[in-house]
Amino acid sequence: MILPAVRERLEALLRHAAMEGALAALRSGANHISITGLHDVAKALVAAYLAHALRRPAFFVTDSNCRAEALAETLRFFSGVFPGATGGIATSCL
């Protein structure tokens, strides 16, 4: 469960112009977007939000299994923040 004040802050962050632009680009058919300068926690928040807003899966590619597992935990948390979130988080090694 997330506190209403925290949810309000997260939603304000997600209404940032860069986020709105990224979401608009994906909705209009862009295959990928690039948002730079984010810490891993922020990346997980953005991925969970975009997957929820677009109602489609998102994929992370990482440089190690350890980092993938850490991101998966953070993604699981943020996936539960958005109402009606569905699906799951999985990791895979290549």
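The figures that follow rest on heavy atoms only: side chains count, while hydrogens, waters and symmetry mates do not.
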Taking all atoms of both residues into account, what is the closest heavy-atom pair of [X] and [Y], and its distance?
{"X": "Ala48", "Y": "Ser79", "answer": "CB-N, 3.9 Å"}
{"X": "Phe78", "Y": "Val41", "answer": "CE1-O, 3.5 Å"}
{"X": "Ile35", "Y": "Met19", "answer": "CD1-SD, 3.9 Å"}
{"X": "Ala68", "Y": "Thr62", "answer": "CB-OG1, 3.5 Å"}

How long is the straight-line distance from [atom2] of [Y] back to [atom1] of [X], given to the nearest 0.5 Å?
{"X": "Lys43", "Y": "His39", "atom1": "NZ", "atom2": "NE2", "value": "9.0 Å"}
{"X": "Arg55", "Y": "Leu50", "atom1": "CZ", "atom2": "CG", "value": "13.0 Å"}
{"X": "Leu23", "Y": "Leu54", "atom1": "CG", "atom2": "CG", "value": "5.0 Å"}

message: A quick test of your reading: do over 12 heavy atoms of other residues, nucleotides or ligands sit less than 6.0 Å from CD of Glu20?
response: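 Enclosed: over 12 neighbouring heavy atoms sit under 6.0 Å from CD of Glu20.
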
task: Could you walk me through whether Arg67 and Asp40 pass side chain to side chain contact (heavy atoms under 4.5 Å, CB included), step by step?
output: CA-CA 9 Å; Arg67 187 161 179 226; Asp40 282 351; 2.6 Å; yes

query: Where do Leu45 and Leu13 land on the side chain to side chain contact (heavy atoms under 4.5 Å, CB included) test, with the steps shown first?
result: CA-CA 10 Å; Leu45 170 63; Leu13 175 75; 3.5 Å; yes

